[in-house]
2 protein chains.
Amino acid sequence: LSVRDQLPAIAGVAYLNAGTNGPMPEAAGEAMRRELAESLTRPRITKAAFDGLFAVRDRTRAALARTVAAPPEQLALTSSTTQGVGLVVAGIDWSAGDEVITTTEEHQGLLSPLDVAARRRGVVVRAVPAEQLESAVGPSTRMVAVSHVLWATGRVLDLPGLAAVCREHDSMLLVDGAQSGGAIAVDAPASGADFYAFSGQKWLLGPQGSGGLWISPQRVEQVWPAVSGYLNLEGGQVGVFKTTAGRLDGGSVDTVTLAGLAAAIEWVESLPGGRAAWIERTAANAERARGRLAAVAGIELADPGPERGPLIALSVAGAGDDLPELVAGLAERGVLVRFIPNTPYLRVSIGAWTSDEDVDRLIDGLSALV
Amino acid sequence: LSVRDQLPAIAGVAYLNAGTNGPMPEAAGEAMRRELAESLTRPRITKAAFDGLFAVRDRTRAALARTVAAPPEQLALTSSTTQGVGLVVAGIDWSAGDEVITTTEEHQGLLSPLDVAARRRGVVVRAVPAEQLESAVGPSTRMVAVSHVLWATGRVLDLPGLAAVCREHDSMLLVDGAQSGGAIAVDAPASGADFYAFSGQKWLLGPQGSGGLWISPQRVEQVWPAVSGYLNLEGGQVGVFKTTAGRLDGGSVDTVTLAGLAAAIEWVESLPGGRAAWIERTAANAERARGRLAAVAGIELADPGPERGPLIALSVAGAGDDLPELVAGLAERGVLVRFIPNTPYLRVSIGAWTSDEDVDRLIDGLSALV
């Protein structure tokens, strides 16, 4: 089977929105069906069942860790990027007046936790354009909280550069990896970040309600498990938290979900060239799509900055304000993209599976509808 | 098919530990397989897919709400009792010195969030024996946080009585319903509680990683979403939280999990007499099991108090200290129970599906092993 044939959800459509939810591989479905059959037919209360539960948690944690080039003990299991960001922000002991710098282009999953910290703890949140980030960091900055790939424009931030500035000012760096984990090459430990939250259901092609949070070993004991339970405790002892990133595990997730995420990650790794080749193909497809789209009269691409990710934001001359209707019209033609509220942009997510025909269908759809 | 035949995991065993994880009905498996097929084969990025996502969230919320006799807008979707308790405790603006009264018999899922509140916020946690609860509540008590059914001994607390004392002292009442939701009749609004957290995977027979949190409408706007994201926001606006209990939804949960929980709840409702009959049968089975076990020489039952739940804690004369080995020996005979650490008790969970033969197998196993 070709890669495309192993992604059943892309059959017949131009699947251009992995930035929201990716297409799950059949291998993930197979793992989930198997795990579901176990849950249904075998008592979930035997030693074998508990061993199985911890084994699938370990396997998923290790798989997530490989995607960000980190050891498994630095990975917390979460249900989303949002939960990972939220657990970090809620777990830090803020002082009133602590400053958090972010960009003007962030998603609710990052902004809402910061809003809560501002209102409950007196944190001062300052949003600046991405290109002003480094100069905005100063002595009162306690944290820089930004996306690695900005969700609206696809711009890729220079994390090591930002991390160097953060270190100068003794500031933490929290990264929202919703549009980078599985989409571009990520080396969380080498990035200089302190925290790196990412999603299972987007570029990693896993089930919904799954994700990972990488935590620097220097920081893990500085963050409280804000919503704590048995899974965060060492040997089940109340008051004694794990010293690994499991300290921040986001709570119970069905083994069916976990098995699906692990299998999705392992499936990409099993393809020729593994994840590195997959990411290279993603980048090459995005670059080719960018060129083809830029050549169409009336289509204007947002500037992605010097680095390129797999998100392409584009505006269409004459499209007017009703982007929801344009997106719906494209969907009727089997072209699946999204729009970004309060901007002129449609957002196109290019995957390793994206073909020239997919991009042609988008171009044809736009020219028919606008 | 008989009820027993529709619970595949009980085949061939005496399934006596729904207090940890219940047996899932085939109807839940069927719903999960269907939802999984959708997730796998249909793009999860179309309007139909998003409508489906919100529909399954609504359906699950409504199903959970019926189990505690509340309207759906008073229910938050969570991944466990622990998460529900944790979100409430983390969401309250504590002042140093605020007192929380609990019992000496609580689970980590309740104690760990309280421990975090004590260490981070200066909350003073005082644990008293269950029978001293009402007299322990005083003017400095800000919250009483207790299980409805105590997990170790199965004792059922008198919530309305406790709630009346709480009201006198302007104290909140947080209930850990891990061993009550789906196990005994629960009317959360009538109980006088402010918060009632319960599990999906235990007595409600749903998948792991699922649960509900009932919140009194008087309290919902007093609790911050400690780990906040898109799902907690009204119309996605940062800073504007839902005014329903969805304000405290615990984040993303796979639609496969949600569909399984909803179907498990609906399956019980579809049986003759619905949930009321199911709960009556559970109670009758527990009472009969209690009588049969109490009649065996050498078996001593813990005092469950005046009300009776479906948990039976028992000690066995001559069993010695190695309860893990005793539990393992019983499991080899297909008798599935658990022990309670730091107590002399085996805990037996009686379900609506429990037969006299199940109890006989337990008695035979104990007499063979002790």
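Note on naming: letters A, B, ... go to the chains in the order of the sequence lines (proteins, then strands), and numbering restarts at 1 for each one.
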Next on the checklist: Donor-acceptor check, side chain of B/Gln108 to backbone of A/Tyr230, threshold 3.5 angstrom: yes or no?
Outcome noted: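 Such a contact is absent between B/Gln108 side chain and A/Tyr230 backbone.
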
Checklist entry - Has the side chain of A/Arg44 got a donor or acceptor atom that lies under 3.5 Å from a matching backbone atom of B/Gly22? => result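 A pair under 3.5 Å: yes.
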
Does any backbone or side-chain atom of [X] lie under 4.5 Å from a heavy atom of chain B? Answer side chain, backbone, both or neither.
X: A/Pro25; result: backbone
X: A/Leu40; result: both
X: A/Ala331; result: neither
X: A/Ser39; result: both
X: A/Asn21; result: both

Checklist entry - Listed by chain and number, what are the side-chain hydrogen bond (donor to acceptor under 3.5 Å, both in side chains) partners of A/Trp224, not counting sequence neighbours? => result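 Testing A/Trp224 for side-chain hydrogen bond (donor to acceptor under 3.5 Å, both in side chains), a comparison that skips the adjacent residues, returns A/Asp93.
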
Among the options [options], pick out the one with the most heavy-atom pairs lying under 4.5 Å from chain A.
options: B/Ser80, B/Ala28, B/Pro207; value: B/Pro207
options: B/Gly91, B/Ala118, B/Pro23, B/Ala37; value: B/Gly91
options: B/Gly250, B/Ser210, B/Gly251, B/Gly236; value: B/Gly236

Please give me the minimum heavy-atom distance between [X] and [Y], naming the atom from each residue.
X: B/Ser252; Y: A/Ser79; result: O-CB, 3.3 Å
X: B/Ala90; Y: A/Arg120; result: O-NH1, 2.9 Å
X: A/Leu36; Y: B/Met24; result: CD1-CE, 4.5 Å
X: B/Ala9; Y: A/Pro43; result: O-CG, 3.4 Å
X: B/Val116; Y: A/Ser228; result: CG2-CB, 4.0 Å

Next on the checklist: Sort by residue number and list every residue of residues 255-264 of chain B having at least one heavy atom under 4.5 Å from chain A.
Outcome noted: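 So far as heavy atoms go, B/Thr255, B/Val256, B/Thr257 are the residues that approach chain A to under 4.5 Å.
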
Checklist entry - Using a heavy-atom distance cut-off of less than 4.5 Å, which residues of residues 10-19 of chain B contact chain A? => result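 If one takes a 4.5 Å heavy-atom cut-off, the residues of residues 10-19 of chain B near chain A are B/Val13, B/Tyr15, B/Asn17.
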
Checklist entry - Residue by residue, which of residues 49-57 of chain A have a heavy atom closer than 4.5 Å to a heavy atom belonging to chain B? => result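 Those residues of residues 49-57 of chain A which have a heavy atom under 4.5 Å from chain B are A/Phe50, A/Leu53.
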
Next on the checklist: Are more than 12 heavy atoms, taken from residues, nucleotides or ligands other than A/Arg42, located less than 6.0 Å from that residue's CZ atom?
Outcome noted: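 Incorrect, the count does not exceed 12.
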
Item to check | Greater than 12 external heavy atoms within 6.0 Å of A/Glu325's CD | outcome: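 For A/Glu325, atom CD is not crowded (no more than 12 foreign heavy atoms under 6.0 Å).
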
Check whether [X] gets within reach of chain A through its side chain, its backbone, both or neither, counting any heavy atom under 4.5 Å.
X: B/Asp254; answer: both
X: B/Leu87; answer: both
X: B/Thr41; answer: both
X: B/Arg33; answer: both

Checklist entry - Do A/Leu233 and B/Ser112 have side-chain heavy atoms sitting under 4.5 Å apart? => result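 Yes, their side chains come closer than 4.5 Å.
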
Checklist entry - To the nearest 0.5 Å, how far apart are CD in B/Glu332 and NZ in A/Lys47? => result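 The distance works out to 12.0 Å.
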
Checklist entry - Which distance, rounded to the nearest 0.5 Å, do you find between the CD1 of A/Ile45 and the CG of B/Leu336? => result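 The distance works out to 4.5 Å.
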
